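One structure is given here, and the rest of the page talks about it.
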Amino acid sequence: MFIKVPKGTQDILPEDILKWYHIEDMIKEILNKYGYKEIRTPYFEYTDLFIRGIGESTDIVTKEMFTFPDRKGRSLTLRPEGTAPVVRAYLENRMDRISKVIKLFYLGPMFRCEKPQAGRFRQFNQFGIEVIGTKSSAADAEVILTVLDVYKKLGLKNLEILINSVGCKKCRVDYVQKLKKYLKDKKDFLCSECKERYNKNPLRVLDCKKDSCKKIIEIAPVITENLCQECESHFSEVKSYLNDQKIVFHEDPRLIRGLDYYTKTAFEIISGGLGAQNAIGGGGRYDDLVEELGGKPTPAVGFAAGIERMIIAIDQQKIKWPVEKGLDIFVAKVNEKNKDTAFRLLQKIRNTGLSADMDYSEGSLKSQMRIANKIGARYAVIVGEEELSKNMVIFRNMQTKEQKEIKIDNIIDELSL
RNA sequence: GUGGGCGUAGCUCAGACUGGUUAGAGCCCUGGAUUGUGGCUCCAGAGGUCGGGGGUUCAAAUCCCCUCGCUCACCCCA
């Protein structure tokens, strides 16, 4: 056997590339409408960026990163997510000087060294948006509306929107204390993983799906009831913006996202039929990240969506993809002797702006016509001896099977019809 | 990282339980059907170290062990 793709990666073949073009086009169209500018950051960064940005104890940092040393021993990491790199670029390029608020989007591959499964890959593509420089709740709402607009443009239906507030530095600390106090005497009844979570990141206990833990969590103190005044009003503003836009969402007080940088708003969009990996997008506010990465205190909010999962969801919902536009002209030669004439003609046709191709192998006319048919050529130009002696070629409509002889000199005029 | 399922032609799969002549089918691909014309039909052909290694046996795709890969789930996420 020859060498295969690395685990969790895949080739995107020509037969599927149209899906990608389509999705990328729609994303860019919508994001442009909302005023986002694209930014492209490197596919790898210094490892510290992610450790500091995403959080030392997160799953991503502790066990999912592709990390390797460069030739001088500096630790590099293939980016597992897009927000930390964008914030790094924002700081490095002093983008705060461009305008107080900046709206950026990115689109490209991310890398996480997890065990692959349905909808989960080691190299996968995300698009994401970041609004940096405003604490306005309208920005939170806009981010959600923007992404929903992208999904809508692609025809995705039956999406569920989950939303929560995880508080800020101040109120979250208080809440975690309160939660720990509540869980303390019930610790023995938690599952083994949750016992660990209790120490590492008690908020994650809220996310446990085991029945025994669920029972305990059910009556645990809820973060949304323990928010400070500022977070409380911010959250209700976000919700009222969404209500105003007739967006149906579910409040999920147990929604805790796996990246440490989130503050206040956290949200996730899920689509049924994707198996265990049902989140097609998620995001939230991260008011402390810019400062943690060495900048001035700068509030921000963003979102990221998985392109592969969007494709799976689109297929699953049986939404039609755009069809490939066939070749305009296929040039066929009756005899190998006509090859040079055909080649000259081919290039002449291409120079008019039409798409054209021919078969360079020494196949029969029949085999060339089969190729023309297979690639969906609209017309065939057949170069034959008899016609050539009169300075003419055959011009055949592949759909109607009608064909006529035309003068070579007039070919451009004929084609422009 | 832990568990379950599966690895036979490019693709979808038979054959495996009950080892035994040149391992099959459909689709795809290539060529042809009186040689200068596609899609349908018909005919022919190409294509496989049966994931890999070891073992049992006169004989292994088939039984046993190991390994690799894929896949689904847990976990986490997009």
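Computation of the quantities below employed the complete heavy-atom set of this structure, encompassing side-chain atoms and omitting hydrogens, waters and symmetry-equivalent molecules. Given the structure is predicted, the values throughout are model-derived calculations rather than measurements. In what follows, every chain begins at residue 1, and chains take the letters A, B, ... in the order their sequences are listed.
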Evaluate the ring planes of F303(A) and F127(A), with Trp represented by its six-membered ring, and classify them as parallel (under 30°), tilted (30 to 60°) or perpendicular (over 60°). tilted
Between A14(B) and G7(B), how far is it from one C1' atom to the other, in whole Å? 15 Å
In the structure shown, which nucleotide is the Watson-Crick or G-U wobble counterpart of C58(B), with both distances under 3.5 Å? G20(B)
With E45(A), which of R74(A), R88(A), R52(A) fulfils salt bridge (charged side-chain N to carboxylate O under 4.0 Å, His left out)? R88(A)
Could you check whether K153(A) pairs with E29(A) (Lys NZ or Arg NE/NH1/NH2 to Asp/Glu carboxylate O, under 4.0 Å)? yes
Take the protein atom CG of N373(A) and the nucleotide atom P of C28(B), then report the distance between them rounded to whole Å. 13 Å
If the C1' atom of C50(B) is compared with that of G19(B), how far apart are they to the nearest Å? 15 Å
Partner of G69(B) under the Watson-Crick or G-U wobble criteria, both distances under 3.5 Å, comes out as C6(B)
Atom-pair distance (CZ on F111(A); C1' on A78(B)), nearest Å: 14 Å
Only one of I27(A), L104(A), I129(A), I102(A) forms a side chain to side chain contact (heavy atoms under 4.5 Å, CB included) with Y36(A), so which one is it? I129(A)
C72(B) and U30(B): how far apart are their C1' atoms, nearest whole angstrom? 38 Å
Among C76(B), A78(B), G36(B), find the nucleotide with the atom closest to the side chain of E385(A). G36(B)
Sorted by position of nearest nucleotide on RNA chain B, 5' first, the leading residue of G283(A) and N397(A) is N397(A)
When the P atoms of U62(B) and A23(B) are compared, how many Å lie between them, rounded to an integer? 14 Å
Nearest heavy-atom contact between F267(A) and G302(A) is CZ-O, 3.8 Å
Go through C75(B), A78(B), U37(B) for me and flag the one nearest to the I394(A) side chain. U37(B)
Apply ring-ring contact (aromatic ring centres under 6.0 Å, His included) to residues Y379(A) and F395(A) and explain how you reach the verdict. CA-CA 7 Å; Y379(A) 296 95; F395(A) 186 59; 4.9 Å; yes
Using both distances under 3.5 Å as the test, list the Watson-Crick or G-U wobble partner of C74(B), or none. G1(B)
What is the nucleic acid contact for G128(A), judged by heavy atoms within less than 4.0 Å: base, sugar-phosphate only, or nothing? nothing
Euclidean distance for P, U12(B) against C74(B) (whole angstrom): 25 Å
Rounded to the nearest Å, what distance is computed from the CZ atom of residue R396(A) to the P atom of nucleotide U37(B)? 10 Å
Listed nucleotide nearest any side-chain atom of E386(A), set G38(B), G36(B), G69(B): G36(B)
Describe the nucleic acid contact of E114(A) in one word from base, sugar-phosphate, nothing, applying a heavy-atom distance below 4.0 Å. base
Nearest whole angstrom, please: distance from the C1' of G1(B) to the CZ of R112(A). 18 Å
With both distances kept under 3.5 Å, what pairs with A14(B), Watson-Crick or G-U wobble? none
Rounding to the closest angstrom, what is the interatomic distance between U18(B) and G54(B) at atom C1'? 25 Å
Is there a donor and acceptor pair closer than 3.5 Å between the side chain of K401(A) and the base of G39(B)? yes
Specify the separation, in whole Å, of atom CD of E387(A) and atom P of U37(B). 12 Å
Heavy atoms only, 4.0 Å cut-off, all strands: where does I382(A) land among base, sugar-phosphate and nothing? base
Pair D140(A) + K264(A), salt bridge at N-O below 4.0 Å: no
With side chains defined as the heavy atoms from C-beta onward, is the minimum distance between D357(A) and R350(A) less than 4.5 Å? yes
So what's A44(B) paired with, Watson-Crick or G-U wobble, going by both distances under 3.5 Å? U30(B)
Do the ring planes of Y43(A) and F111(A) sit parallel (below 30°), tilted (30 to 60°) or perpendicular (above 60°)? tilted
Identify whether any heavy atom of Q403(A) sits under 4.0 Å from a base atom; if not, whether one sits that close to sugar-phosphate; answer base, sugar-phosphate or nothing. base
Has the side chain of Q399(A) got a donor or acceptor atom sitting under 3.5 Å from an opposite partner on the base of G38(B)? no
Provide, to the nearest angstrom, the distance between the CD atom belonging to Q117(A) and the P atom belonging to G69(B). 17 Å
Taking the same atom, P, in A61(B) and in G52(B), what whole-Å distance lies between them? 11 Å
For RNA chain B, find the residues of residues 363-372 of chain A with a heavy-atom distance under 4.0 Å and give them by number; none if there aren't any. S364(A), L365(A), K366(A), S367(A), M369(A), R370(A)
Would you mind telling me which residue lines up with the more 5' stretch of RNA chain B, R120(A) or K115(A), judged by nearest nucleotide? K115(A)
For the pair made of NZ in K7(A) and C1' in G1(B), what is the distance, rounded to whole Å? 12 Å
Looking across every strand, which nucleic acid part, if any, lies under 4.0 Å from I60(A) by heavy atom: base, sugar-phosphate, or nothing? nothing
Nearest whole angstrom, please: distance from the C1' of C76(B) to the CD of E268(A). 11 Å
Any carboxylate oxygen within less than 4.0 angstrom of a Lys/Arg side-chain nitrogen, looking at E251(A) and K239(A)? yes
With P as the reference atom in both, quote the distance from C6(B) to A46(B) in angstrom, rounded to an integer. 34 Å
